[in-house]
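First comes the structure, then the notes that go with it.
Here the structure is a predicted model, which is why all the values come from computation and not from measurement.
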Amino acid sequence: MFPYIPHTEQEVQEMLKVIGFESIEDLYRDVPMTVRRLNLPKGLDEFTVARMVKELSEKNVVVEKEKVFAGAGIYVHHIPYVVKSIVSRPEFVTAYTPYQAEVSQGTLQALFEYQTMICELTGMEVANSSMYDGASALAEAVLMAHRINGRTKVLMSEAVHPEYVQTCKTYARGFDLQFVSIAVDENGSTDLKLLANFIDAESCAVVVQQPNFFGIIEDLRRVREVAKDLVLIVVAEPISLSLLEPPGSFGADIVVGDGQPLGIPPNFGGPTVGFFATLEKYVRKMPGRIIGQTKDAEGKTGYVMILQTREQHIRRGKATSNICTNHALMALTNAVYMSLMGPEGLREIAERSYANAHYLAQRLEEKGFKLKFKGPFFNEFVFVVPEDYERLWRDLFNEGFLAPLPLAWFDERYRGLALACATEVNTKESIERLLDAMERGLK
Amino acid sequence: MFPYIPHTEQEVQEMLKVIGFESIEDLYRDVPMTVRRLNLPKGLDEFTVARMVKELSEKNVVVEKEKVFAGAGIYVHHIPYVVKSIVSRPEFVTAYTPYQAEVSQGTLQALFEYQTMICELTGMEVANSSMYDGASALAEAVLMAHRINGRTKVLMSEAVHPEYVQTCKTYARGFDLQFVSIAVDENGSTDLKLLANFIDAESCAVVVQQPNFFGIIEDLRRVREVAKDLVLIVVAEPISLSLLEPPGSFGADIVVGDGQPLGIPPNFGGPTVGFFATLEKYVRKMPGRIIGQTKDAEGKTGYVMILQTREQHIRRGKATSNICTNHALMALTNAVYMSLMGPEGLREIAERSYANAHYLAQRLEEKGFKLKFKGPFFNEFVFVVPEDYERLWRDLFNEGFLAPLPLAWFDERYRGLALACATEVNTKESIERLLDAMERGLK
Amino acid sequence: MTIFEKSVKGRKGFKLPEGSVSFEGKDLPDHLIRTRKLALPELSELDVVRHYTELASKNYSVDKGFYPLGSCTMKYNPKLNEFLASLEGFTEIHPYQPVETVQGALQLMYELKEALCEITGMDEISLQPAAGAHGELTGMLIVRAYHLSRNDTKRNVALVPDSAHGTNPASAAMAGFEVVELKSTKDGLLDVEELKKHLNDRVAVLMLTNPNTLGLFEKDILEIAKLVHEAGALLYYDGANLNAIMGRFRPGDMGFDVVHLNLHKTFSTPHGMGGPGSGPVGVKQFLARFLPVPLVRKSKDGSYYLDYDLPESIGRMRSFYGNFSVLVKAYAYILTMGEDGLKRASEMAVLNANYLRKLLSKYFKVASERTCMHEFVVDGSEFVKKTGVRILDVAKRLLDYGVHAPTVYFPLIVHEAMMIEPTETESKQTLDQFAEIMGKIVDEAIKNPDLVKSAPHNTPVKRLDDVTATKNPIYRYQ
Amino acid sequence: MTIFEKSVKGRKGFKLPEGSVSFEGKDLPDHLIRTRKLALPELSELDVVRHYTELASKNYSVDKGFYPLGSCTMKYNPKLNEFLASLEGFTEIHPYQPVETVQGALQLMYELKEALCEITGMDEISLQPAAGAHGELTGMLIVRAYHLSRNDTKRNVALVPDSAHGTNPASAAMAGFEVVELKSTKDGLLDVEELKKHLNDRVAVLMLTNPNTLGLFEKDILEIAKLVHEAGALLYYDGANLNAIMGRFRPGDMGFDVVHLNLHKTFSTPHGMGGPGSGPVGVKQFLARFLPVPLVRKSKDGSYYLDYDLPESIGRMRSFYGNFSVLVKAYAYILTMGEDGLKRASEMAVLNANYLRKLLSKYFKVASERTCMHEFVVDGSEFVKKTGVRILDVAKRLLDYGVHAPTVYFPLIVHEAMMIEPTETESKQTLDQFAEIMGKIVDEAIKNPDLVKSAPHNTPVKRLDDVTATKNPIYRYQ
């Protein structure tokens, strides 16, 4: 007997009798393949499973939050305990896609509110109810841009997260898209002169990240000016949007990003959640599920999935995307987190991250390190390190720090650079201790 | 601002205005005492609190389950993970006493089912919806026995848990009760000849524990024969009742015990839960809340608190007890655990505990230790150890074992004895390792 | 449907690890082995999950809505504290581990005790009692032990105001006292003249709640304390109503000798459908030697230990050391709130009560004209006379509107009482809404009394017959 | 009420630790600073708890009841797995930590991959895709890369049966293929003759679900595989319907070259209202070099690493390595069930489907007379003609009885389809009850069709107007 399978032997016999079969084998009589014993161990009880899996979890090293100085797409933040308590409710966790709206109002209202919050953060008019992650959301944004104007050349800032760029390229394999990488200038921002030079009649979209992969805050006003009638896609970090003027204010056409900073733990990189926002005029080109407000038969407010004719289960081969399962539970997590933090809380976190990152940068400079770029940054920045920094980085890990990341990992061109990050979880003390450890390590 | 207090300053002013007051101070104008600043630190954020409390938790040493060989009232068992997942639902955790039955059917039905399960386990006719713990349940049983026949002499087996005996004596301070301790015989069971000798016209009740404090299974049939028209109170361990003929079958009048083994972790001793069962004829003398089945206005089955006129909030000074808050959430935990385990699961656990304990005893004997008593035992037994065993016991702890308890702790008369326990969590291997460690320690 | 009716013979919801020792059982005599069938349900894991999920959905709870239950202090129970109490280093420690291996637990208990001493103004505290009533019994046994220790054997009377919680006389009786009730003044306060009449050398103690169950501060408390002490008796504080006073004033400063607290009220540990709670008992120094054993103490070397060496102790009130998991939650709450937060909590609790009292005075007579503390009582007698609708009906009708009912028919000295305690965690919006609902119900009681009398209508079951339930009791599923 | 309407200016639900570095902000140019007001709600912690508790109460879920959604495999989601996935050693690790400090995570992924290879009969698997459709896209890009690697540039057609899930053509199109639909036989199976007609040197792949969306095993699968391979195309397996086959037969043995799985279906990881899921993609050895980077590999020294060295890889499908938390749950599930449990799960899933199919055949025509696998389809056209009640109405009426509706109007090749998948975790009692409810509804449809047409009646809202919602869309709260 298995605790998850209720059938007693007597019931199996009763059921077979009703069907008119003699044995379980009869059920498979249409199957020409021989039954084959799987080379897997027998089932275990939950206590043994728990012990085994726990042991695996303990083979991973957890760095104290305040000693994490790496970001690059996954950011460590304080997460109020109530977030988990809410989002782990079985009514959310074990529910399906809200196909039957009347018994899914919890899901639907929560996602409608999530969409509203994403619109608020990004300054856009409409958001969908989530994508898998920031990278795939960006890839879908690029395909959407192509749907919008039919053109094929995508001008991609070099300062977009390399994994996001790679994902875009993979997604574009089925289409005839070309990607042009636009380098950064000495400020670390996308070189707008270069960008202007590359724009031609085939140019479809411009993609920049805000703050960009090097931590620099792009001047979106000028990007928009240069990009003119191209689709402007901005990949944004959501916490920074409580402090920075949102992309929507500068005329972005599509804003995407990863919602991980909004209440989701690092999870070894997944699941996170992608957010995706655009303008109403483009909504029918948008991928993913959208929740809308409506009325029920008695005039009471309710929520339903809308514009489903864009989607695969209706439109099949002509859908805007194949996405159906998205990351609803993580979108809920974002919404709960934002509800707790409110505008002031989010701003406070952004300000503290800013303060900590700038303090770290200043202290690094005082210790003789050089910042690579001059532009304004938010919670990440690049500084110059020895060529063999990766060795020091591993030593620092053994001292309990997830130190600034060696950028050579991402591209050999970046050898001798490191990407530092600080958020509200770091403290003056942990920053000083990192610096001490670095100094010791360099000697 | 405090996250748990919603009032903004503006709201405070608005509310004061409605009341017609100027300031918060006005609210306290009836109070003659000067306001005094408490010598406590300022409030902290939850992340700091979590860190501080977590650090305290890490100052405690957690012994691996399979290396626990101590019981004496708190038993380590496997607890299916689903138990916690159910009983931590806020609908149970944050509900009050079911005073408004119509919106408390969850609580009431669960407790009604719990009462049924306790009746099943104990073989009794009626159970209440929980007491604080086994010790206070026993103390209340003794007071109830006194209410039943008005007599004052309580014959208490020496083999009742010493802390339970002490609790009875404390509870009895307001009444003129005398306690007579009945020693055990060479089998470790309550000496029934002695008991018979002590019984006289003033004898109110006989109290025995099953299995008793020394682990021995009492012969309840003979106890009942000797106790004749006295109130027979049995303190029972609930898991053993799936294997042993229940006290109700032998004519017990009151059966109490601690529900901790039924799905509740050790919790450093609390909260556990007391169960309390008796015969229908005594129900109006019983302490504590009782849930009964009834119908609603439309004839639908529902549940309510019954026989409340026994209770303090109605009967005040003449109540059967002062108990009102009980341990409902832990009673629920017992019910969920029993629902998962069912009769077979409980029996399997009892049989494994029995097998492990007997294997341990046999191996101890093979290593030259002597068992103190000859009587049949369940999952605990007493064996002879050196006078200074407590030192070895602490050494064993440092090797990761919670070894059999030094009985001298409870009474100097027991010096040179240890109380061993095994349940289904122990393994052949952990038993052998304990024996090895003991052997090494004794050299 | 009960869980027993869902049972299917042979179905299983568990699986144990492979056993390494086989069961022989040869030593267990046959006559000891169970013959009576154990009729527990047999279910799959999903069956069990669904059953209790369904039951959960039939419960009202703080997380669902407003719980204006007077004297119950149904405030928000922070999720953080639930998380902390379930840390393995707390749940998986055995009470009989070597004391040096549970230093974190003992330190927590010690520091909690110290904080509670500071908040109440008492000198020593036992964390052992499992609930408020348990604490009351503990406190009253201490009172008893105190007088006996002085060979003052005559003192067997406990004075209790007629407005007191039912547990007060019940606990006093359980501790062997004769209970004498004191009539309150018309104002609902303790009548000092009445007290004087009853004070004599047989009186052991006066039990008092302050603010009292009407939510009123006993303004003569300093005189009362003086009178009681002069008569050789002790003053007992029922700390169920502590939520009004933190950081404002202290029982110890008012002259109380013994205090019990309800951590599951003021200190936000959840009620769990009626428990587990925790009812610590605090005393002035001269009574400390009577506290239950063991007490948590700190050595000179900074380590913590359990002190059993109190020869005059009343003894144990239960097994082990108290409801430890509950203590963890209260400790975390006090750390979170701090001196400033606790004070703010009390002030906002009092503000909320006075605000709601004001709003409801549009519809009902309030039992006293005086400023209330953290709760207040409504006198429904005029309403009942006018409409023929009972206060119980109003309570049931409230359920239809998705809020819990207040405490009704208590305190006994107020006719048709509704006792309302909003607590500080409720917002102005919630109070406004509650008052609006009350207004609607009063309106309904006039225009459509049958609607109210037959309430509730929107609950999982309609009004339940508790008379028959007690007359022909069904105690268990059969 | 939306959460925005509950907001009160200045109210706070958070408190941060004392900051040790003060914010200067002097370096941030003014023109970058947000001017547009951020209208997030302002709430207390209790406000937030109550809001989402209320929303939760308006959701149907597996823990609440039966979810007979065809093709969705709504089985029980074990609580153990939720607990394990939330262990700190899994949630708090950064994807860019040194590889030697995340060996537990990598080992788990490696062993999960190995187990999935064994279950499906494939040689190598990528755990990167976030969902089934994401896996499909991955798989189809691999198909594309394979043909291009052989300079076989003509092959741009993907054959898809008309009974296929909508994601199949959508994913094929997204991978740049032209989609050609194959008509099914009257029996609902792939028509081998039709297939032969379409196979030519432009065909890159046949996408197949087996058992198909009618729950039928494609009995000619070995011939189909032969034909497809002889034509130089690949055979793609949509593993959404894997729940019938574990331990009985394997896609790899049937001749499939590429498989995607839905861990959130067959492997019991919860659906979370529509995600996160996980959609691993498995391939035969000759396609392994096209899988997304990085792949989890084991070194000779027994350590695990992320292999980025696949020059022919299609590239990344997303950031990082997959939905790791979901993988933990699937891993724990496979350990718990084991070889015997997985096989039993499939067998009981098939038994349940055939049993329920038999019960429902009393009321409805079933779409095929053949023995079904883990699900089956009801053809409601006769019922609709007879009663004038739509299948949609039946679905809505089911909600009134506290069960979820089946998948309706799919697969497209069956008129008025209801697609029903009970899964193995549902008991005979639940199936009996569901059939009984269906019987009642059929009865109602005849005797009182308006009752069914206007359903649901007992849900948090009545039937919702989704036409207007799409015509005049309201995308956000304003």
Problem set entry | Residue part contacting chain D, namely of A:K295, when any heavy atom lies under 4.5 Å | backbone
For this session: For D:K358, look at atom NZ and say whether over 12 heavy atoms of other residues, nucleotides or ligands are found less than 6.0 Å away.
Result: no
Seminar exercise, completed: If one checks every heavy atom of D:M337 against chain A at 4.5 Å, the contacting part turns out to be both
For this session: Check the angle between the aromatic planes of D:F324 and D:F90 and answer parallel, tilted or perpendicular using the 30° and 60° thresholds.
Result: perpendicular
Exercise. Non-hydrogen atoms of chain D under 4.5 Å away: do they reach the side chain of A:A72, the backbone, both or neither?
Worked result: both
For this session: Using non-hydrogen atoms and a 4.5 Å limit, figure out which bit of D:E426 sits close to chain A: side chain, backbone, both or neither.
Result: backbone
Problem set entry | Side chain / backbone / both / neither for A:L244 at chain D, heavy atoms under 4.5 Å | both
Problem set entry | D:A172, part contacting chain A, at a heavy-atom distance under 4.5 Å | neither
For this session: Answer yes or no: is there an ion pair linking A:E351 with A:R347, defined by an N-O contact shorter than 4.0 Å?
Result: yes
Exercise. Under a 4.5 Å heavy-atom cut-off, does chain A meet the side chain of D:R370, its backbone, both or neither?
Worked result: side chain
Seminar exercise, completed: One option among A:Y164, A:Y28, A:Y132, A:F112 has the most heavy-atom pairs under 4.5 Å with chain D, and it is A:Y28
Seminar exercise, completed: The interface call for A:S130 against chain D, heavy-atom contacts under 4.5 Å, is neither
Exercise. What residue, out of A:K300, A:K318, A:R289, A:R394, has the most heavy-atom pairs lying under 4.5 Å from chain D?
Worked result: A:R394
Exercise. What part of A:N39 gets closer than 4.5 Å to chain D, counting heavy atoms only: side chain, backbone, both or neither?
Worked result: both
